[in-house]
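One structure below.
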Amino acid sequence: MQNLSDVLASSTTPDALKTVLTVTTDTCVDISNALKQGSLAGILGMAGNENVQGEEQKKLDVISNDMLKEALMACPAVRAIASEEEDYIVPANTDGEYFIAFDPLDGSSNIDINAMVGTIFSIYHNTGDAPATEADFLIQGKEQVAAGYVLYGPSTMLVLTTGNGVNMFTYDPINSRFVLTHDNVQVAKETQEFAINMSNQRFWSNKIQSYVSDLVQGKEGPRDKNFNMRWVAAMVGDVHRILCRGGVFLYPWDNKDPSKAGKLRLMYEANPMAMLLEQAGGKAHTHTQRILDIQPDAIHQRVAVILGAANEVDKCLSY
Ligand code: F6P
Ligand code: MN
C-alpha cells in the first residue's frame, strides 16, 4: 500500500513543493479533527458571536483559515497565500517560491447539517526579490504546479494532481496517513448525470435554460436519454462525485446579480478544480473560454463554471 509520502517521493515533485503539500495536507487533517468535534468543541456558530463564557465564537471556516494560514506562513517555501477568507493576499517569506490560494472550508453552510465540506487548494511557483504583491499572484490557472482538495465526508480524502494525472488518497486515522486508494483517476467522456442549483433557473441565460430543459426532457426530448440530477451544495462534494462516477457540474452566469460574473471564485475554486478535471480527462470552461486560460484581474474574481465529462461540457457549450 502506497501512502502520500511514497507517491511524492517517487515523483519529480521538487522538495520544497513536497514540503508545502505536506504542510497543507497535515493541516487539513487537523481541520478534519476540528470538524469531527462539531458542536462538542463549542466552535460552531457565527464568527463575531460570543459564547456563554463570553469568549468570541468562531465559525469553522474562520478557524480553518487561521489554521492553514498559520501553518503555511511558518513554511519557508511559501512566498504568499491568498484565501477566500482574507481580503488581501498575505505575503509570507520573500525567499519562498510558492503561492498558495485556498478555500479553507468550501460548502461551509453544510456544516450546520453535518454534511460534506472540504478544503480546496491551488499552488503556483513564483519567485521575486521583494515581498509578494497581489499582482504577483494573478497567474493563469494553467500555470498551477499542483492543485487538490481534502474532502471531509464519511472518510477524509485527499485528491491531488501535480500535473501528472490525479490520485485519490483516503486518510487512515489509525496510522495517521493518507493511503493511495485510486490512481490515475479518469472521468468518462459521456454522462447521464448533471448538477445545477435549479432554484436559479429564472435567472439563467436563455441558452442554459434550453440546455437544462433538454436534459430534463430525458428520453422524450432531443437528448434521447434520461438524466439524473444531484446537488451537494458544496462544490468540493459535487466535483468529487464527478471524479468518482462522472457527470457535469454547472454554476453558470446568471442575472441575479449582474455585477458578478458567476458565483464561484476563480482562484480558490474554479482553477484548482479545472486542473483536476483536465488531468482526469474532463473539461472545465466558462460559457466563453477554458477556465485555465483566464488571466485573473483580481484574487477574489468570480467566474461561471461548466465542468465534468468532456463531451457533455462540449454539448453544453454548443448551445
Ligand atoms: O463556495 C461556494 C459554494 O458553497 C460552493 O461550494 C457550492 O457549489 C455553491 O456555493 C452552492 O451554491 P448554492 O448556495 O447556490 O447552492
Ligand atoms: Mn467555496
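Both ligands and their constituent atoms are indexed starting at 1 by order of listing.
Looking at Glu269 and the Mn ion (ligand 2) together, the shortest N, O or S contact belongs to OE2. When you scan the N, O or S atoms of Asp103 for the one nearest the Mn ion (ligand 2), you land on OD2.
Each of the following atoms of ligand 1 lies closer than 4.0 Å to a heavy atom of Ala233: 4 (O), 7 (C), 11 (C). Near Asp106, with a cut-off below 4.0 Å to any heavy atom, the atoms of ligand 1 are 1 (O), 5 (C), 6 (O). Every atom of ligand 1 with a heavy atom of Met235 under 4.0 Å away is listed here by number and element: 5 (C), 6 (O), 7 (C), 8 (O). Of all atoms in ligand 1, numbered sequentially from 1 with element shown, those under 4.0 Å from a heavy atom of Tyr251 are 12 (O), 13 (P), 15 (O).
The shortest N or O to N or O distance between Trp231 and ligand 1 is under 3.5 Å. For the pair Asp103 and ligand 1, the shortest N or O to N or O distance does not fall below 3.5 Å. Distances between N or O atoms of Asn197 and those of ligand 1 include at least one value under 3.5 Å.
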TODO: Go through the steps for Met235 and Asp238 under the test side-chain contact (heavy atoms from CB on, under 4.5 Å), then give the verdict.
DONE: CA-CA 5 Å; Met235 186 193 199; Asp238 284 304; 5.7 Å; no
Open item on the list: Evaluate Lys283 against Lys189 for side-chain contact (heavy atoms from CB on, under 4.5 Å), listing each step before the verdict.
Closed with: CA-CA 9 Å; Lys283 286 195 172 182; Lys189 300 218 173 321; over 6 Å; no
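Within the 4.5 Å cutoff, the side chain of His285 has heavy atoms near those of the Leu317 side chain. Contact annotation: the side chain of Lys69 never approaches that of Glu85 to less than 4.5 Å [non-hydrogen atoms, C-beta and beyond].
Ring-centre distance between Phe249 and Trp231: below the 6.0 Å cut-off.
Heavy atoms of Lys263 found under 4.0 angstrom from ligand 1 belong exclusively to the side chain.
At least one N/O/S atom of Asp106, from backbone or side chain, sits under 2.8 Å from the Mn ion (ligand 2).
Side-chain atoms of Asn226 come within 3.5 Å of backbone atoms of Lys219 as a donor-acceptor pair (strictly under, hydrogens ignored). In this structure, Gln144 contributes its side chain and Asn271 its backbone to a donor-acceptor pair below 3.5 Å.
Using cut-offs of 30° and 60° on the angle between ring planes, the pair His125 and Tyr98 is perpendicular.
Glu269 counts as a contact of ligand 1, since one of its heavy atoms falls under 4.0 Å from the ligand.
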